[in-house]
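To keep things clear, I will list the structure first and then write my remarks on it.
Excluded from the calculations below are hydrogen atoms, water molecules and symmetry mates; all remaining heavy atoms, backbone and side chain alike, are included.
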Amino acid sequence: MSDHIVPHFHNDAGVPVIEIGSHEFMCVGANPPFDHPHVFLDLGNDNEIICPYCSTLYRYAADLKAGEARPPECVLVDKVA
């Protein structure tokens, strides 16, 4: 069983760069139902990665906590109640 949740990020705002506090995450493109296939991305030892589907540039920011993003509205929030 996993000991952490993989955060999901989207780029509805169309920003050129999303800074994130996670090294492993999922890019969904836009908010559902306009999302692309959810792709798992791993920064490894790098500080930047580009999503192969939507070309969003993700950059690691050490001042953010895991699952946080700048801009903050790029964090995908599960709306299931």
Validation: residues 32-40 side-chain donor-acceptor distances under 3.5 Å, sequence neighbours left out:
residue	atom	partner	partner atom	Å
D35	OD2	H38	NE2	2.6
H36	NE2	G29	N	3.2

In residues 13-23, what donor-acceptor pairs under 3.5 Å come from side-chain atoms, sequence neighbours left out?
residue	atom	partner	partner atom	Å
E19	OE1	R70	NE	2.5
E19	OE1	R70	NH2	3.1
S22	OG	G67	N	2.9

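Here E68 contributes atom CD and C74 contributes atom SG; the two are 13.0 Å apart, rounded to the nearest 0.5 Å.
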Point to revise | Audit row: C27, Y58, side-chain contact (heavy atoms from CB on, under 4.5 Å) steps and yes/no | key: CA-CA 9 Å; C27 178; Y58 288 93; 3.0 Å; yes

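A heavy-atom distance below 4.5 Å is not found between the side chains of T56 and I50. Contact annotation: the side chain of L76 never approaches that of P7 to less than 4.5 Å [non-hydrogen atoms, C-beta and beyond]. V75 places a side-chain heavy atom less than 4.5 Å from the side chain of F9.
Looking at H10, its side chain never comes within 3.5 Å of a backbone N or O of H8 through a donor-acceptor pair.
Sorted by first and then second residue, the pairs that involve residues 43-62 and meet salt bridge (charged side-chain N to carboxylate O under 4.0 Å, His left out), not counting sequence neighbours, are E48-R59.
Of all non-hydrogen atoms in F25 and L43, the two that sit nearest each other are CE2-CG, 4.4 Å.
Residue Y60 is grouped with residue I49 when hydrophobic side chains (ILVMFWY) are merged at heavy-atom distances under 4.5 angstrom, including chains of intermediate members.
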